[in-house]
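Notes follow the structure.
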Amino acid sequence: MTVRKGTKEDVVSILSLIQELAVFEKEPEAVIVTETDLLRDGFSENPLYYTFVAEENEEVIGMALYYYRYSTWKGKTIHLEDLIVRENKRGTGAGFALYKKIIEQGKLDGVKRIEWNVLDWNINAIDFYEKSGAKILDDWKVVQMDENGINEFIKKNT
């Protein structure tokens, strides 16, 4: 198995992994991103995200998708959006290899923090992250506004 930077040729595999993650997270219908979106947003002149892929026998078996953020307190940070390994390849070390690659990238970039979200019921992931030295912040809540919420807000406030 090798870990390498993702390329535009990996977009089909990236979308497949995203869809597999949505099934794992019990939201299979939630994925609306397309191959076209992923190609444009990740492999254009000014990419919005970057990926590493784990590959075994020329097949992509996992990926980590990340992007840069800026903290008013810390400066440049990395947000790890998703780390996904195909279900039949979990336990092979692919997840750890991708995780390590993200942390190495953060060190290389001189970021002050790497952050991500984990579902409260994903005990295996929580245990893994805590054992690796990551902190789970119980006092922060994730806040989101979906497309419908954005539209309703604009409609009410214009």
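S16 places no side-chain N or O within donor-acceptor distance of the main-chain N or O of V12, the cut-off being under 3.5 Å. The main-chain N or O of T2 is never found under 3.5 Å from a side-chain atom of E56 such that the two would form a donor-acceptor pair. Put simply, the side chain of T92 gets close to the backbone of K89: a donor and an acceptor are under 3.5 Å apart. D146 places a side-chain N or O within donor-acceptor distance of the main-chain N or O of N148, the cut-off being under 3.5 Å. Under a 3.5 Å cut-off, the side chain of R90 and the backbone N or O of V85 do form a donor-acceptor pair.
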Candidate pair I78 and K112, rule side-chain contact (heavy atoms from CB on, under 4.5 Å), full reasoning: CA-CA 8 Å; I78 284 179; K112 304 300 182 195; over 6 Å; no
Salt bridge (charged side-chain N to carboxylate O under 4.0 Å, His left out) evaluation trace for K5 with D10: CA-CA 10 Å; K5 286 189 176 194; D10 297 317; over 6 Å; no
Evaluation steps, side-chain contact (heavy atoms from CB on, under 4.5 Å), between Y70 and T77: CA-CA 6 Å; Y70 196 84; T77 68; over 6 Å; no
Verdict with supporting geometry, R113 and K76, side-chain contact (heavy atoms from CB on, under 4.5 Å): CA-CA 8 Å; R113 179 173 65 212; K76 185 177 181 180; over 6 Å; no
Full working for side-chain contact (heavy atoms from CB on, under 4.5 Å) between R86 and E59: CA-CA 11 Å; R86 295 212 182 276; E59 175 194 357; 4.3 Å; yes
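For the pair T34/L38, no side-chain contact is recorded, criterion being any heavy-atom separation below 4.5 Å from C-beta on.
Taking the six-membered ring for Trp and the full ring otherwise, the centers of Y50 and Y66 sit less than 6.0 Å from each other.
Screening I102, L65, L83 against F52 for a side-chain contact (heavy atoms from CB on, under 4.5 Å) leaves a single residue, I102.
At a threshold of 4.5 Å between side-chain heavy atoms, the hydrophobic network of Ile, Leu, Val, Met, Phe, Trp and Tyr places Y68 and L80 in one connected group. Note on I61: it does not cluster hydrophobically with F24, by side-chain heavy-atom contacts below 4.5 Å among ILVMFWY residues.
Listed by first and then second residue, the salt bridge (charged side-chain N to carboxylate O under 4.0 Å, His left out) pairs involving residues 148-158 are E152-K155 (not counting sequence neighbours).
Here R69 contributes atom CZ and I114 contributes atom CD1; the two are 13.0 Å apart, rounded to the nearest 0.5 Å. Note that NZ of K8 is 14.0 Å distant from CD of E35, once rounded to the nearest 0.5 Å. Here CD of E87 is found 12.0 Å from CG of L17. Values are rounded to the nearest 0.5 Å. With rounding to the nearest 0.5 angstrom, the CG atom of N117 is 5.0 Å from the NE2 atom of H79. To the nearest 0.5 Å, the span separating CG on L48 from OH on Y67 amounts to 10.5 Å.
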Exercise answer: donor-acceptor pairs, residues 131-143 side-chain atoms, under 3.5 Å, sequence neighbours excluded:
unit_1: S132; atom_1: OG; unit_2: Y99; atom_2: OH; d: 2.6
unit_1: S132; atom_1: OG; unit_2: Y129; atom_2: O; d: 2.7

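With a 6.0 Å radius and a threshold of 12 heavy atoms from other residues, nucleotides or ligands, E147 has its CD atom at or below the threshold. Residue K74 qualifies as open at atom NZ: its count of foreign heavy atoms under 6.0 Å is 12 or below. Atom CD1 of I150 sits in a crowded spot, with more than 12 heavy atoms from other residues, nucleotides or ligands closer than 6.0 Å. Within 6.0 Å of CZ on F153 lie no more than 12 heavy atoms contributed by other residues, nucleotides or ligands.
The cationic group of K26 lies under 6.0 Å from the six-membered ring centre of W121 and within 45° of the ring axis, placing it in a cation-pi geometry.
Remark: the Q105 side chain and the D109 side chain contain an N/O donor-acceptor pair separated by less than 3.5 Å.
When all heavy atoms of L98 and G62 are compared, the pair lying nearest together is CD1-C, 3.7 Å.
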